[in-house]
Amino acid sequence: MDFELTADQREIQGLARELAEAEIVPNAAAWDRDHRFPDELYPKLAELGLMGVCIPEEYGGAGADFLSYILVLEELSRADAGVGVTVAVHTSATTLPILTFGTEEQRSRFVPPLARGEQLGAFALTESSSGSDAASLRSTAESRDNGWTLTGSKQWITNGSRAGTFILFARTDPETAGARGISCFVLDASHVVVTREEEKLGLNSSTTSDLLLERVDVDRDRLLHEEGRGFQVAMATLDGGRIGIAAQALGIAQAAYDVARTYAQEREQFGRPIADFQAIQWKLADMATEIDAARLLTYRAAWLKQRGRPHTEEGAKAKLFASEMARRQTGEAIQILGGYGYTKEFPVERYYRDAKITEIYEGTSEIQRLVIARSILGMQVREEPSISTQGTHS
Ligand code: CAA
C-alpha cells in the first residue's frame with residue numbers, strides 16, 4: 001500500500017491550487033454575493049488543461065489519471081464550490097460518459113471540444129417528479145425514420161444555461177415503465193430551451209437551470225450506448241460522479257478548517273488565544289480527523305475507478321461520509337468563529353451554505369445508504385464498463 005501521490009499528481013494538484021489562489025479565492029465572495037457565473041474563468045482553466053484533466057490526450061485532454069482529476073476538484077472547491085461543481089458536471093458527468101459509452105465517431109466528435117474547454121457539458125437526468133427515483137423520468141424520445149423526436153422537461157440542471165453539449169435521458173419505450181425503457185442522447189445547446197434559472201441557498205457561482213424539449217428532432221447518431229440501456233449509462237456515470245462530489249465536500253471542509261484553525265490561534269478571549277481552550281482544541285481535532293477520513297475514502301474510490309475496478313459502493317461511501325462531514329464541520333467552523341462566523345466578513349458562512357448541497361445532488365445521503373446497503377447485502381453484482389478512462393501518463 002502506498003499513500004504517496006505520484007510526481008504527476010502532485011504537479012497537477014499544485015497547478016490547480018496556484019490557479020485557485022490567484023484567480024478564484026480573491027473573487028469567490030463577490031461571485032457568491034452577486035450570484036455571478038464567472039464565464040471568464042473557464043478559458044483560464046482550459047489553458048492549463050483543467051477542463052479535461054482525466055481525458056486522454058488523443059481526445060484533447062491532459063491525459064492524467066482519475067485521482068489527479070479528484071485532486072483538482074478538491075482544490076477548486078476549496079476556493080469556490082460553485083466552480084467545483086461546474087467542472088465536476090462538465091467532466092465526470094458529461095465528457096467521461098461520452099468517452100466510455102460513445103462510438104469512436106461520437107468520441108472524436110463530441111469529446112475534444114469538451115476536454116479542451118471550448119464548450120461546457122451538462123447532465124440532464126432529473127425532472128420535477130423524478131429525483132431520487134430516477135427511473136421514473138417522463139421525457140420521451142419518439143422513434144422516427146432516421147432518429148427520434150424528444151419532448152419533455154428537465155430540472156436542476158447544473159451548467160444548463162452555459163453548456164454546449166448535453167447528456168440527456170429520455171424514455172424510448174413508453175410501454176416499459178422504469179429503468180428498461182430509458183435511453184441516453186448527446187444533444188447540443190440548440191436542442192434545448194432554458195426556461196428558468198434556479199435561485200439557490202449556495203453555489204451561487206454555478207448555474208442551475210430548467211430545460212424544455214419542444215419536439216426536438218435528433219438523428220440516430222445522437223443515441224449514446226444502446227437503445228433502452230440509458231439508465232445503466234446514468235448509474236455508471238453517477239458512480240464516478242459521486243467521487244467528484246466527495247472531493248468537492250472535502251475541499252469545502254478543508255477550507256473551513258483552515259479558516260477556523262487560523263482564527264483560533266489569533267482570537268483572544270479570557271487573555272489567551274481560544275486555541276488554548278480544550279473546547280476549541282477538540283473541535284479542531286475532530287475536524288482534522290474527519291477530513292482525513294473523508295480524504296482516504298475519496299482517494300480510495302478514485303484509485304479503484306482508475307484501475308477499472310468496481311467502485312459503486314466505495315464511491316457512495318466516500319460521498320456519504322464526505323458530504324455529511326462537510327455539513328457538520330462547516331457548522332463547527334462557524335461555531336469557532338462565533339459571531340464573526342455568522343457574518344459575511346469571513347467565508348465560513350458560504351462554506352456552510354455550499355456544503356449542504358453535497359448531501360443532496362448526485363444522489364441524496366439516503367440514496368447513498370441504499371446503494372451501500374444493496375452492495376453489502378449482495379443485492380447488486382455488475383460488470384464495469386469495458387472502456388478504461390485511465391489517463392495516458394502517470
Ligand atoms: N451501474 C450500472 N448499472 C446500474 C447501476 C450502476 N451503478 N445501478 C443500477 N444499474 C442497473 C441495474 O443493473 C438495472 O439493470 P437491469 O434492468 O438490466 O437489471 C437497472 O440499472 C435498474 O437498477 P435498479 O433496479 O437498481 O434501479 P432503481 O430504480 O431501484 O434505482 C437508484 C436505483 C440507486 C435508487 C437510482 O435511481 C439512483 O441512483 N437514484 C438517485 C439519482 C441521482 O443520483 N440523481 C442525481 C442527479 S444528477 C446531479 O445531481 C448532477 C448535478 O447537478 C451535480
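Start at 1 and go down the list; that is how both ligands and their atoms are numbered. Predicted model, so just to flag it, every value in this text is computed and none were measured.
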### Query
Is E74 salt-bridged to R78, going by a charged N under 4.0 Å from an acidic O?
no
#### Entry: Region of F231 engaging ligand 1 - heavy atom pairs below 4.0 Å
side chain
### Pair R144 + E142, salt bridge at N-O below 4.0 Å
no
### Query
If you look only at pairs with a residue in residues 10-23, which of them pass as a side chain to side chain donor-acceptor pair (under 3.5 Å), with sequence neighbours excluded?
R17-E75, E23-K44
### Task
Would you check the N or O atoms of Q232, main chain and side chain alike, for any that come under 3.5 Å of an N or O of ligand 1?
yes
### Query
Where on V89 is there a heavy atom closer than 4.0 Å to ligand 1, on the side chain, on the backbone, on both, or on neither?
side chain
Can you give each donor-acceptor pair under 3.5 Å made by side-chain atoms of residues 268-287, sequence neighbours left out, with the distance rounded to 0.1 Å?
unit_1, atom_1, unit_2, atom_2, d
Q281, NE2, A275, O, 3.0
Q281, NE2, D276, O, 3.4
K283, NZ, E332, OE2, 3.1

### Task
Measure from atom 37 (O) of ligand 1 to every heavy atom in G315, A122, S132, A135 and give the option owning the shortest one.
S132
#### Entry: Polar proximity ligand 1 side, T158 side, N/O cut 3.5 Å exclusive
yes
### Task
Ignoring hydrogens and angles, state whether a donor on the side chain of Q248 or T358 is under 3.5 Å from an acceptor on the partner side chain.
no
### Query
Y340 vs F346 aromatic rings, parallel, tilted or perpendicular, using cut-offs 30° and 60°?
perpendicular
#### Entry: Any N/O pair W156/ligand 1 closer than 3.5 Å
no
### Summary
The option among Q368, R229, R242 carrying the non-hydrogen atom nearest to atom 39 (O) of ligand 1 is R242
